[in-house]
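First the structure, in the form of structure tokens, and then the observations on it.
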Amino acid sequence: MSTHHSQSNSFNHNKYRAFAPIQKPDRRWPNQIINVAPDWCSVDLRDGNQALIEPMSPSQKLEMFKLLVDVGFKEIEVGFPAASAPDFDFVRQLIEEDLIPGDVTIQVLTQAREPLIARSFEALKGAKQAIMHVYNSTSTVQREQVFKKSRDEIKAMAIQGAKWVRDMAAAQPETRWSFQYSPESFTGTEMDYALEVCDGVIDVWQPSVDNKVIINLPATVEVSTPNVYADQIEWMNDNISHRECVRISLHTHNDRGCGVAAAELGVLAGADRIEGTLLGNGERTGNMDIVTMAMNIYSQGVDPELNLSDMDRIIATVESCTQLAVHPRHAYAGELVFAAFSGSHQDAINKCMAIDTQKRKEDANAHWQVAYLPIDPRDLGRTYQQVIRINSQSGKGGVAYVLDQDYGIEMPRWMQVDFSPYIQVFAEKSETEVGSKAIHEIFCDTYLHSKTAPKIGGYQLKREGNTDTLNAQLTLDKQSFDISGKGKGVLDAFVRALSAKIGHDIVLLDYNEHALPSKQGAQNEQAEAVAYVQISINGHRYCAAAICGDIVTASMQAVLNAFGRCEVVV
Ligand SMILES: CC(=O)SCCNC(=O)CCNC(=O)[C@H](O)C(C)(C)COP(=O)(O)OP(=O)(O)OC[C@H]1O[C@@H](n2cnc3c(N)ncnc32)[C@H](O)[C@@H]1OP(=O)(O)O
Ligand SMILES: CC(C)C(=O)C(=O)O
Ligand SMILES: [Mg+2]
């Protein structure tokens, strides 16, 4: 019986076949952990570059190279010099202008073709140390359909390539050479055959423990779940000849979205080295993203041996060199990856951050345990502004956090409850994010700048025993009037005086005050204080605040501002 799916030509799963997992009863990698960083090799300037709409210009390449050096890469694939004059010239520039630090080894890629290998050696003339990376495709599909060659013929191509590399390197002894071989499309290659080819190349190069060869096992196209890749790597790790003289390197792509996962599982399976690019630019869906993998390692308390703390520079450089924007949700680097808009997340982040701040005062290495934030955003130069952001999904905690961080306004909880709906209504109406300036303006308009509130002109206070006697002069609409009252404390006396004046009982429900941080850049400026009050008149509650150099005036003005919000007229 035909189904809708089988009738459709354009979306027909029947033309695909499941990837056959390899049988591996002795699988060990699931029980391993990554407790040391692998050796990293950046291929931004080669695999990343060859995938761009417009390959990098010489100045972009140099900018990228400098970034890679500063981040801490010790091995950098700088190009495919036989491909084009700009690729060749860039390698020459690095060598002739002595731009390669002593502890950095450059690497170039070449096909297993004599003229291309010769051109690549020419490009590397005068290099102190270098890796010559030669590849040929070994997969069934490539053998049968692209090269139309038998297994033996493809193996012979690899071995011949290895011999050319060996012999041409011997002719340039001033350079300390390392050799790298990639059975390209390794994951689509029968394992016994991939092993046979790699062993053949190793046999030509005769590595030693002191001069190892690199066998790079690429997932040129990601075709399986990452566990299958890990099985393949573990199998190669167990069976390759002269393992002690070989660095097993991984080079994964991201076709199924698991390039990082495959590389991580491959390291569990015994690999020593990882090739990838910063933020994952590369062929099709990209190369394995080294930023993500290194940060994953970092987040487990292991030194990734790359310094990614200047994430803004990494993003800016990658974007300007590749002309590709970093996705706002890109792991660790995206603009939104540490941002919390939703109220419950903000609440949890706030509470955990408060505890973390205390913990960190005592121990800089205290365990980072902040809900919703797998790592401390400050490690990557991110600020709290990028963490707590306000829109219609936010709650009182987030709004309070923004006012506190940007304006030093530490709203008490009862006022947060009162204030939150004002922001909610604004966010719903504007249908946009509400910035901290707008939040502050709404706070001032709501609580500080009541047009109908009288202003304190002056006051006199006398204390006898426990009783304060207060006379205060108020102004409203250019008219002045006096009020007076007695109470236990200034505020009590003031509230009684005002109640008597208006003929309604005012009940002071809540009161908080604190000093405000001095404004940035202001010198010798008198510190200001803020007072927050909640009063009740005729069963209705009103909140307000006031800011003043004198806390007594601030507290009385806050009561007046709250009073100004009610409908009762003096
Ligand atoms: C998975 C990867 O990323 S591999 C790296 C891929 N990167 C690039 O290709 C970018 C740089 N490449 C180039 O600029 C060009 O391909 C060049 C200059 C290297 C070669 O260009 P051309 O000589 O025109 O050959 P072309 O690229 O079409 O290659 C196809 C030929 O090379 C052969 N070939 C391809 N790869 C290899 C290899 N690794 N080893 C030996 N021969 C190879 C093919 O069988 C084919 O041979 P044929 O012409 O006899 O059919
Ligand atoms: C040249 C090789 C390593 C490559 O880029 C790939 O297979 O993806
Ligand atoms: Mg690749």
Side-chain angles (χ1 to χ4, degrees), residues 12-25 27 29 43 47 50-51 109-113 116 133-163 180-204 213-241 246 248-259 261-263 265-266 269-271 275 282-288:
N12 175 12
H13 66 270
N14 291 314
K15 69 181 172 204
Y16 301 106
R17 301 291 178 273
F19 189 89
I22 66 168
Q23 296 306 315
K24 201 166 190 310
R27 183 176 290 122
W29 59 263
V43 295
D47 218 345
Q50 78 185 35
L109 180 67
T110 174
Q111 295 178 356
R113 291 161 68 188
L116 303 188
H133 178 188
V134 61
Y135 77 95
N136 69 314
S137 239
T138 54
S139 67
T140 330
V141 172
Q142 293 249 18
R143 285 193 325 259
E144 292 173 357
Q145 300 186 37
V146 183
F147 289 83
K148 299 187 172 57
K149 287 190 192 303
S150 67
R151 282 169 63 135
D152 284 349
E153 286 169 315
I154 292 288
K155 181 180 165 191
M157 190 186 273
I159 287 176
Q160 179 59 68
K163 286 182 179 162
Q180 173 168 337
Y181 172 69
S182 292
E184 195 229 281
S185 57
F186 159 76
T187 50
T189 306
E190 306 86 332
M191 282 302 102
D192 64 328
Y193 179 62
L195 181 71
E196 189 185 320
V197 176
C198 290
D199 279 351
V201 168
I202 292 169
D203 193 42
V204 173
V213 294
I214 302 167
I215 296 293
N216 188 47
L217 302 173
T220 304
V221 180
E222 184 174 56
V223 291
S224 71
T225 47
N227 60 306
V228 173
Y229 185 64
D231 280 350
Q232 293 173 323
I233 301 304
E234 194 170 75
W235 190 85
M236 288 295 283
N237 180 57
D238 289 348
N239 291 289
I240 203 152
S241 63
V246 174
I248 292 186
S249 175
L250 308 181
H251 175 115
T252 60
H253 281 267
N254 201 35
D255 298 81
R256 296 165 54 104
C258 298
L265 300 194
E275 291 191 347
E283 292 283 5
R284 305 176 306 281
T285 52
N287 279 79
M288 204 290 302

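Quick caveat: nothing in here was measured; it's all calculated off a predicted structure.
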Give the minimum heavy-atom separation between T138 and S185, together with the two atoms involved.
-> N-OG, 3.6 Å
Would you give the length of the straight line joining atom OH of Y229 to atom CZ of R256, rounded to the nearest 0.5 angstrom?
-> 14.5 Å
Measure the spacing between CD of E234 and CD1 of I22 and express it to the nearest 0.5 Å.
-> 9.0 Å
Compare all side-chain heavy atoms of M236 with those of L195 and state whether any distance is below 4.5 angstrom.
-> yes
Roughly how far, to the nearest 0.5 Å, is the CD1 atom of I215 from the CG atom of L217?
-> 7.5 Å
Please examine the side chains of R151 and D192, heavy atoms only from C-beta on, and report whether any two atoms are closer than 4.5 Å.
-> yes
Give, for atom CD1 of I202 and atom OG of S241, the distance between the pair rounded to the nearest 0.5 Å.
-> 4.0 Å
pair E275-N216: side-chain heavy atoms closer than 4.5 Å = yes
Could you walk me through whether R284 and V221 pass the side chain to side chain contact (heavy atoms under 4.5 Å, CB included) test, one step at a time?
-> CA-CA 9 Å; R284 305 176 306 281; V221 180; 3.6 Å; yes
If you take all heavy atoms of M191 and W235, which pair is closest and at what distance?
-> O-CZ3, 3.4 Å
Verify side chain to side chain donor-acceptor pair (under 3.5 Å) between S150 and E153, making sure each step is shown before the conclusion.
-> CA-CA 5 Å; S150 67; E153 286 169 315; 3.2 Å; yes
So do the side chains of F186 and I233 get within less than 4.5 Å of each other, counting heavy atoms only?
-> yes
Which atoms form the tightest heavy-atom contact between C258 and P226, and what is the distance?
-> CB-CG, 4.0 Å
T252 and E222: CA distance, side-chain angles, deciding distance, side chain to side chain contact (heavy atoms under 4.5 Å, CB included) verdict | CA-CA 7 Å; T252 60; E222 184 174 56; 5.7 Å; no
Might you work through the side chain to side chain contact (heavy atoms under 4.5 Å, CB included) test for W29 and L265, ending with a clear yes or no?
-> CA-CA 7 Å; W29 59 263; L265 300 194; 3.8 Å; yes
Quick one: list whatever passes salt bridge (charged side-chain N to carboxylate O under 4.0 Å, His left out) with D238, sequence neighbours left out.
-> R28
Would a 4.5 Å heavy-atom cut-off, applied to side chains only, mark V197 and Y181 as touching?
-> yes
Start with the C-alpha distance between C198 and I240, add both sets of side-chain angles, then the distance that settles side chain to side chain contact (heavy atoms under 4.5 Å, CB included), and finish with yes or no.
-> CA-CA 8 Å; C198 290; I240 203 152; 4.2 Å; yes
Taking atom CD of E196 and atom OG1 of T189, what is their separation to the nearest 0.5 Å?
-> 12.0 Å
Hey, are the side chains of S137 and P183 touching, using non-hydrogen atoms and a 4.5 Å cut-off?
-> no
Under the side chain to side chain donor-acceptor pair (under 3.5 Å) criterion, do T285 and N254 qualify, and how do the steps go?
-> CA-CA 5 Å; T285 52; N254 201 35; 4.8 Å; no
In terms of heavy-atom contacts, V201 and I159 come closest through N-CG1, 4.4 Å
What distance separates K149 NZ from K155 NZ, expressed to the nearest 0.5 Å?
-> 16.0 Å
Looking at N237 and G270, what are the two nearest heavy atoms and their distance?
-> OD1-O, 3.8 Å
Any residue meeting ring-ring contact (aromatic ring centres under 6.0 Å, His included) with H251, in chain and number order, not counting sequence neighbours | H253
Do T140 and Y193 have side-chain heavy atoms sitting under 4.5 Å apart?
-> no
